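Structure first, then comments.
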Amino acid sequence: MVTKQFRGSPEEADLRRADSLAREIFSDVANKWALLIIEALGEGTLRFSELRNEIEGISHKMLTQNLRMLERNGLVERTVHPIVPPRVEYTLTESGHGLRATVDGMCGWTHQYLSHIEAARRRFDA
């Protein structure tokens with residue numbers, strides 16, 4: 001394995017690290033399932049089955065994978081209640097709520113420009 005030596009200030013190294021992390025997180029959350037999970041959990045804490053019912057078309061596997069990824073990135077908190085059968089709940093963290101505000105902004109943008117987007121698509125497809 002070859003390690004590349006960074007030659008620059010510590011501030012530049014921190015910026016590069018932050019940019020790299022941002023790209024990684026954007027890659028993780030920029031999929032329809034993650035965004036729908038974030039939106040659903042924005043309304044409150046939900047169990048796995050409630051989430052699955054909330055998000056039309058998501059498979060068990062995709063929901064599991066996306067919840068794990070969101071938990072790994074600190075956007076979702078998973079709570080296991082020690083009862084029989086176990087009760088597992090998911091909720092957005094503070095940073096998850098912050099991301100939801102961004103997602104809501106994107107949805108607002110879509111609603112604001114919906115007719116423009118549809119017209120552009122019709123022109124392009126013609």
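Just so we're clear, the structure is a prediction, and the values are computed from it rather than from any experiment.
Note that CD of E50 is 9.5 Å distant from OG1 of T45, once rounded to the nearest 0.5 Å. Note that OG1 of T64 is 10.5 Å distant from CG of L51, once rounded to the nearest 0.5 Å. Rounding to the nearest 0.5 Å places CG of N53 at 10.0 Å from CG of L46. Distance check, rounded to the nearest 0.5 Å: CE of M62 to CD1 of I55 gives 11.0 Å. Considering CG of N66 and CZ of R68, their distance stands at 11.5 Å, rounded to 0.5 Å. Distance CD1/I58 to CG/L36: 7.5 Å, rounded to 0.5 Å.
Closest approach of E54 to A40, counting heavy atoms only: CG-CB, 4.0 Å. In terms of heavy atoms, R78 sits closest to Y90 at NE-OH, 3.4 Å. A pairwise comparison of heavy atoms in G74 and S95 identifies O-OG, 2.8 Å as the closest pair.
L92 is listed as a side-chain neighbour of V76, based on a closest heavy-atom distance under 4.5 Å.
Ring orientation note: the planes of W109 and Y113 are tilted relative to one another, at an angle of 30° to 60°.
A single hydrophobic cluster is not seen to contain both I83 and F48; linkage of ILVMFWY side chains at heavy-atom distances under 4.5 Å, directly or through other members, places them apart.
Considering I37, L75, V29 in turn, V29 is the only one that fulfils the side chain to side chain contact (heavy atoms under 4.5 Å, CB included) rule with M69. Remark: of the listed residues R47, E89, R87, E89 is the sole one forming a side-chain hydrogen bond (donor to acceptor under 3.5 Å, both in side chains) with H81.
In this structure, the side-chain contact (heavy atoms from CB on, under 4.5 Å) partners of E39, at least two apart in sequence or on a different chain, are R100, V103, D104.
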